[in-house]
Protein chains: 2
Amino acid sequence: MGKEKKYCYEYPRPALTTDCIIFGYDFGELKVLLIERAHEPFRASWAFPGGFVNIDETSEEGAVRELYEETGLQNVFIEQLYTFSDVDRDPRGRVISVVYYALVKQSEYKAVAGDDAAKAKWFSINKLPKLAFDHEMIFDVAIKRLKSKIKYQPIGFELLNEKFTLTELQQLYETILGIDLDKRNFRKKILSMDILIKLDEKQTNVAHKAAWFYKFDKEKYDSSSLFTLLTPK
Amino acid sequence: MGKEKKYCYEYPRPALTTDCIIFGYDFGELKVLLIERAHEPFRASWAFPGGFVNIDETSEEGAVRELYEETGLQNVFIEQLYTFSDVDRDPRGRVISVVYYALVKQSEYKAVAGDDAAKAKWFSINKLPKLAFDHEMIFDVAIKRLKSKIKYQPIGFELLNEKFTLTELQQLYETILGIDLDKRNFRKKILSMDILIKLDEKQTNVAHKAAWFYKFDKEKYDSSSLFTLLTPK
DNA sequence: TTTTATAGTGTAATATTTACACAAAGTTAA
DNA sequence: TTAACTTTGTGTAAATATTACACTATAAAA
């Protein structure tokens, strides 16, 4: 047994894979999770986690499964990014990849890939190693999407804790967009959107005035029509 | 010969198809091009043009090729929409489809599907027949994308002639967005973007004051950073 | 109790968006 | 040839949104 080629078709078919760009945010830096490949091709290179899609699952189910298998992450924000189908993108033959991107909350950031054999590691997006396959192109598409998406959809919350301060939120926006925002204007704007709930709880153990915590009001957002554009300073 | 199953793999593989939602604009109506299926499954149902992706072409190349084969269209605006991979979306088995959408200029609108055996027909998006496969879901994604994209990228020009009047452009936006726009404000805004070139040519044979023609200044657009949002009246 | 660090707040100036109406220019019909 | 019809093309004032900007409040640490 072993390598029998027992699935036969009238015409050649590509293999179907899925990959996932996992964004995390920590210490004011935007990061992505990479896996050091254990096998050829690109053995010992870094790559986005991913793998083959099973015949009885959708590409999204495959992405969610691979994400769990390779990192232990569950219940994360995940969204289809793009499908890459260049003929020579994989030296093993014709392989197309339906690529997703995921946003990981800070509370789960450290829990990532606690167990596994594969080496998983967070990299600051400014200090990425050389990547396997066409993953550099994939990354470019992903970061561009994240930057544009955060301007009109409140996905930033997916990268913070359940509770966050307005300063944390502002810093996240500043990091992703790569621009400075005015504190008063940022607060005015984000609060006027009416999608934040101010909690009855402050920071503790900080060597300065404690900030109030907020949480994202998903229900109010879902019922409102469209998030408006956050404009830079 | 004929139906030999000579392409064999270690694991089962899905078939890869591509489909294309072709938008056209005529007489103030937004339309899509549908093909009446000649074969099972869904024989005699209407569907978006598409077909199997060859093993030596990208999904986009496949979409462009199918578009040409089924409609005669060439050199149209085309962009990846989404990949659909539901396990049961095709009764023939596991088939995933990388779907594109295309915008067809008015000047080419009538030339569509001049020759072929398959029946191709434009349908107003408000009067679509029942569609094959999961094409109704695909249509929903496509129309949503078109509406949101036109607000921040000048893709509307792809649906008009090379030369158009500002009133035509305004009506196109009104049709796609489903809202009325103020003439003076629309003109002010679109002209301030500095992506239109006023031609030295007017309408002829109209029973009223002739409007000036404009064309889209692609070079100026490409070199500018980002198209700003067109806001409704 | 002083220092340090960050939170939290208002206003005036500027820019953008909105609402709104009529004269000009062709064509058609009387 | 004139009048009626139809659509083009234009400006301004009011309302709204965005921007720039600085100091007091609070908690912990020194």
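Numbered from 1 within each chain, the chains take letters A, B, ... in sequence-line order.
Just one of B/V141, B/D19, B/V98 meets the side-chain contact (heavy atoms from CB on, under 4.5 Å) condition when paired with B/L81; it is B/V141.
B/F186 has its CZ atom 16 Å from the P atom of C/dA19, to the nearest Å. Protein atom NZ of A/K151 is 15 Å distant from nucleotide atom P of D/dT18, rounded to whole Å. In this entry the distance linking CH2 of B/W212 with P of D/dG9 reads 9 Å, nearest Å. Straight-line distance from the CG atom of B/N185 to the P atom of D/dA17: 15 Å, rounded to whole Å. Whole-Å rounding puts the A/D182 CG to C/dG10 C1' distance at 12 Å. The separation between A/Q170 atom CD and C/dT6 atom C1' is 12 Å, rounded to whole Å. One atom, CD1 of A/I190, and another, P of D/dA17, lie 16 Å apart when rounded to the nearest Å. Separating the CG atom of A/L191 from the C1' atom of C/dG10 is a distance of 14 Å, rounded to the nearest angstrom.
Closest contact between the side chain of A/Q203 and the listed nucleotides C/dA19, D/dT6, C/dA7 involves C/dA7. Out of D/dG9, C/dA7, D/dT7, the shortest distance to the side chain of A/H208 is found at C/dA7. The side chain of A/R187 lies closest to C/dT9, out of D/dT6, C/dT9, D/dC21. Candidate nucleotides D/dT12, C/dT11, C/dT9 were compared by shortest atom distance to the side chain of B/K188, and D/dT12 ranks first. Comparing C/dG26, C/dA19, D/dG9 by their nearest atom to the side chain of B/K202 picks out C/dG26. When distances are taken from the side chain of A/K209 to each of D/dG11, D/dT26, D/dC21, the shortest belongs to D/dT26. In this structure, the nucleotide among D/dT10, C/dA19, D/dT18 sitting nearest to the side chain of A/K189 is D/dT18.
Residue A/K183 is the one, among A/K183 and A/A210, whose nearest nucleotide of DNA chain D lies closer to the 5' end (criterion: closest heavy atom). Residues A/N205 and B/L166 each lie close to DNA chain D; by heavy-atom proximity, the contact nearer the 5' end of the strand is made by B/L166. Place B/T204 and A/K198 on DNA chain C by their nearest nucleotides, and A/K198 ends up nearer the 5' end.
Between the base of C/dA21 and the side chain of B/R184 there is a donor-acceptor pair shorter than 3.5 Å.
Residues A/W46 and A/I35 are not in side-chain contact: their nearest non-hydrogen atoms beyond the backbone lie 4.5 Å or more apart.
Residues A/Y82 and A/F84 bring their aromatic ring centres within 6.0 Å.
Contact annotation for A/T167: backbone-only contact, meaning every heavy-atom pair under 4.0 Å involves sugar-phosphate atoms and none involves a base.
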Apply ring-ring contact (aromatic ring centres under 6.0 Å, His included) to residues A/F157 and A/F164 and explain how you reach the verdict.
CA-CA 9 Å; A/F157 309 105; A/F164 50 84; 5.5 Å; yes
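We find that A/K144 and A/D140 are not joined by a salt bridge, their nearest charged nitrogen and carboxylate oxygen being 4.0 Å or further apart.
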